[in-house]
Amino acid sequence: MATMESLIGLVNRIQRACTVLGDHGGEGLSLWEALPTVAVVGGQSSGKSSVLESVVGRDFLPRGSGIVTRRPLVLQLHKTDRGQTDYAEFLHAPKRKLTDFAAVRKEIADETDRITGKSKQISNIPIHLSVYSPNVVNLTLIDLPGLTKVAVEGQPDTIVEDIENMVRSYVEKPNCIILAISPANQDIATSDAIKLAREVDPSGDRTFGVVTKLDLMDKGTNALEVLEGRSYRLQHPWVGIVNRSQADINRNVDMIAARRKEREYFETSPEYGHLASKMGSEYLAKLLSQHLELVIRQRIPSIIALINKTIDELNAELDRIGRPIAVDSGAQLYTILELCRAFDRVFKEHLDGGRPGGDRIYGVFDHQLPAALKKLPFDRHLSLRNVQKVVSEADGYQPHLIAPEQGYRRLIDGSINYFKGPAEASVDAVHMVLKELVRKSIVATEELKRFPSLQADIANAANESLERFREESRRTVMRLVDMESSYLTVEFFRKLHLEPEKTPNSNPNAPNAADRYSDNNFRRIGANVSAYIGMVCDTLKNTIPKAVVHCQVREAKRALLNNFYVQVGRREKEQLGAMLDEDPALMEKRTAIAKRLELYKSARDEIDAVAWK
């Protein structure tokens, strides 16, 4: 099995690489978030900074009153071989190795001010710092702003809530180990760190309790109730820390000497002597490192599964956005035609039901067209007064002898003419659906996303074709309506003539001269025409959709880009290159994906090699 240092050191390197590539957030769980980290949480002046410096063995953090930590500090400790010099590197200045840790402190302060200004504002943009030393254990710690209860002058009223929300955003992640810092001279029940840890980790599985300032407690008091887990029990042991005194800080007492002094304090303490082997900053660092190693080992299968899943997703994403294209005209033409075919496939899927949208065409025929037909003003056109007017005008000076055939024809022609409106509306409605499907198909065609110029060319060509199909469809449906006027169904009127003969009464369709111009006769004419128009309506309700689908939908599926293919085949190399003018943002995206893919593959190989050897 791999050593603890090699496994955690590997995780540190992967986390640093993730940070460089920006792979530490966004949708879903990133590799950074899948790897465990330790978040240092505590109230202001709880001793957080001193604990971190004790773990690192270096005096490098800014000091002062109020909120000193105003941006998260992601601190990665890398254990080096004995004899090597300690040094630090900032992610924002990767080529600059700092061996003077006073310069590290100044850089942290300057980098904080660069984002927040010289104010008391806070920012959730982290500072990334790596420390390389033989005196540290491999560990990633995140120093967060101290929790506070009131805003001071120069801070916004929301500062209390802002800091808590920032801290919570880190510690509520299931892979975050919480290092809850509480000063010994404060009641543990009121500890800000313990209160927040209890909310996000009620079981206590992820929380390590640290008690600072044990040497500053009032005489006659001690923190044994807390350290022995009687005041507040956690799943992990409490650890006591003795920070450097202000006098030690002022005298620049070496941190290694401070560690030695801390050990002596616990070993000689009458209250804590029996716990000395499990107290102090050195023990805390080892305890966290051992727990990290255990957590990493437990999660290796899920981490590898996440890496494999992400590699598949990144490969698929590269396939979707496409690889770099060749520069010769033949390859460019082939690429354009392949992209057009990809768009055409998506468009046909919309029409055929594989994607949403095509059902709206059926909605035009099943709902819009019947509704429009029902609203046609036949009642007004075939009212008693209008029938009487039309029939009388059609007779002219010579009244009809048997049946008013010219009146019938004029009433039927006038009625059929009303069908042109719904017929044209159906053509236009389907045209709008097809245009929308073209737009959606261009958006949905992943291969096209990298070529905005080609998207526009395809959209223009497709819409030009749809306009031609619409004109042909309009002419066809108008012919259907005109055909109904051109030749009337004689059989319908013969039946009207024969059916009344079944009764003993006289034939009502052959009225005598006395009632030829009576209201009843005109009502009968109106009813007959209405029945005939109803038959025509039923016919057109079926034939108009057939014509529209034949002229528009079928042609769109069959030949939407045919003219475009002919035009593209005649273009020169420069014109083809312009059509494949790629979006610079997409080029950057492809490069970023390629780097992330390389990171994940390398991480998988290294974890496999280190974890199981």
Contact summary for Leu227 and Met279, nearest pair of heavy atoms:
CD1-SD, 4.0 Å

Which atom pair, heavy atoms only, marks the closest approach of Leu141 to Leu288?
CD2-CD1, 4.4 Å

For the backbone of Pro134 and the side chain of Lys79, can you confirm whether one donor and one acceptor N or O come within less than 3.5 Å of each other?
yes

Quick check: does any side chain N or O of Arg58 sit under 3.5 Å from a backbone N or O of Phe101, one acting as donor and the other as acceptor?
no

Those residues at least two apart in sequence (or on a different chain) that pass side chain to side chain contact (heavy atoms under 4.5 Å, CB included) with Asn165 are Glu161

In this structure, CD1 of Ile300 is separated from CZ of Arg297 (nearest 0.5 Å) by 5.5 Å

Would you say Ser46's side chain and Gly42's backbone share a donor-acceptor pair under 3.5 angstrom?
no

So the salt bridge (Lys or Arg N to Asp or Glu O under 4.0 Å) pairs with at least one residue in residues 41-51 (sequence neighbours excluded) are Lys48-Asp143

Is there side-chain contact between Leu52 and Leu75, with heavy atoms separated by less than 4.5 Å?
yes

Val55 side chain reached by Leu77 side chain, heavy atoms, under 4.5 Å:
yes

How about NZ on Lys589, more than 12 heavy atoms from neighbouring residues, nucleotides or ligands closer than 6.0 Å, or not?
no

Thinking salt bridges, do Arg114 and Asp110 make one under a 4.0 Å N-O criterion?
no

Which is it for Arg590 and Glu317 under the salt bridge (Lys or Arg N to Asp or Glu O under 4.0 Å) test, yes or no, and what are the steps along the way?
CA-CA 9 Å; Arg590 185 188 297 112; Glu317 181 68 10; over 6 Å; no

Contacts of type salt bridge (Lys or Arg N to Asp or Glu O under 4.0 Å), residue Glu107, not counting sequence neighbours:
Arg96

Does the distance from a Lys or Arg side-chain N to an Asp or Glu carboxylate O, for Glu446 and Lys449, drop under 4.0 Å?
yes

Close aromatic pair by centroid cut-off 6.0 Å: His236 and His291:
yes

Using side chain to side chain donor-acceptor pair (under 3.5 Å), reason through Arg299 and Asn175 one step at a time and then give a plain yes or no.
CA-CA 10 Å; Arg299 295 182 181 170; Asn175 291 322; 2.3 Å; yes

With heavy-atom distances below 4.5 Å as the criterion, would you say the side chains of Leu179 and Val41 are in contact?
no

Taking the six-membered ring of Tyr87, is the NZ or CZ of Lys97 close enough (under 6.0 Å from the centre) and on axis enough (within 45°)?
yes

For the student: nearest non-hydrogen atoms of Leu448 and Leu339, plus distance:
CD2-CB, 4.1 Å

Contacts of Arg345 meeting salt bridge (Lys or Arg N to Asp or Glu O under 4.0 Å) (sequence neighbours excluded), chain-then-number -> none

Work out which heavy atom in Val239 is nearest to a heavy atom in Lys278; give both atom names and the distance.
CG1-O, 4.1 Å

Answer yes or no: is there a donor N or O on one side and an acceptor on the other, between the side chain of Arg450 and the main chain of Asp581, under 3.5 Å?
no

Please report the C-alpha distance between Thr99 and Asp86 in whole Å, then the side-chain angles of each, then the deciding distance to 0.1 Å, and finally whether the side-chain contact (heavy atoms from CB on, under 4.5 Å) criterion is met.
CA-CA 6 Å; Thr99 55; Asp86 295 5; over 6 Å; no

Counting distance only, does the side-chain N/O of Glu53 pair as donor-acceptor with the main-chain N or O of Leu61 below 3.5 Å?
yes

For Gln575, I'd like to know if atom CD has over 12 heavy atoms of other residues, nucleotides or ligands within 6.0 Å.
yes

Any salt bridge linking Arg263 with Glu267? Criterion: basic side-chain nitrogen under 4.0 Å from a carboxylate oxygen.
no

Strictly below 4.0 Å, N to O, side chains only: are Glu598 and Lys595 in salt-bridge contact?
no

State which residues pass salt bridge (Lys or Arg N to Asp or Glu O under 4.0 Å) with Glu338; sequence neighbours excluded, sorted by chain then number.
Arg341

Is there a salt bridge (Lys or Arg N to Asp or Glu O under 4.0 Å) between Glu282 and Lys286 once you walk through the steps?
CA-CA 6 Å; Glu282 287 181 290; Lys286 291 177 182 175; 5.8 Å; no

Shortest non-hydrogen contact from Ile307 to Tyr600?
CG2-O, 3.4 Å

Report the C-alpha distance between Leu580 and Leu454 in whole Å, list the side-chain angles of each, state the deciding distance to 0.1 Å, and finish with yes or no for side-chain contact (heavy atoms from CB on, under 4.5 Å).
CA-CA 6 Å; Leu580 294 173; Leu454 183 57; 4.2 Å; yes

With Ala456, which residues qualify under side chain to side chain contact (heavy atoms under 4.5 Å, CB included), at least two apart?
none

If we only count heavy atoms from C-beta on, is the Gln186 to Thr190 side-chain gap below 4.5 Å?
yes

Hey, does Ile178 have a side-chain heavy atom less than 4.5 Å from the side chain of Tyr170?
no

For a side chain to side chain donor-acceptor pair (under 3.5 Å) check, start with the C-alpha distance between Thr116 and Arg70, then their side-chain angles and the critical distance, and finish with the verdict.
CA-CA 8 Å; Thr116 64; Arg70 291 183 284 123; 2.5 Å; yes

List the steps and the verdict of side chain to side chain donor-acceptor pair (under 3.5 Å) for Glu262 and Ser281.
CA-CA 8 Å; Glu262 181 186 44; Ser281 55; 3.0 Å; yes

Hey, can you tell me if Phe266 and Tyr272 have their rings parallel, tilted or perpendicular (30° and 60° cut-offs)?
perpendicular

Heavy-atom side-chain contact between Arg71 and Ile122 under 4.5 Å
no

In terms of heavy-atom contacts, Leu234 and Phe208 come closest through CD1-C, 4.2 Å

Run the salt bridge (Lys or Arg N to Asp or Glu O under 4.0 Å) check on Glu172 and Arg168 step by step: do they pass?
CA-CA 6 Å; Glu172 67 186 2; Arg168 190 181 293 273; 5.4 Å; no

Can Arg355 and Val346 be said to form a side-chain contact (heavy atoms from CB on, under 4.5 Å), step by step?
CA-CA 8 Å; Arg355 295 172 183 261; Val346 174; 3.6 Å; yes

Any Leu144 side-chain heavy atom under 4.5 Å of Ile142 side chain
yes

Do any N or O atoms from the side chain of Asp201 and from the backbone of Asp205 form a donor-acceptor pair under 3.5 angstrom?
yes

Any side-chain to backbone donor/acceptor pair from Ser133 onto Asn135? Under 3.5 Å, distance only.
yes

Strictly distance-based, threshold 3.5 Å: is any side-chain N or O of Ser169 a donor or acceptor partner for the main-chain N or O of Met166?
yes

Between the main-chain N or O of Ala285 and the side-chain N or O of Ser289, is there a donor-acceptor pair closer than 3.5 Å?
no

Using side-chain heavy atoms (C-beta onward) and a distance below 4.5 Å, is Leu196 in contact with Leu147?
yes

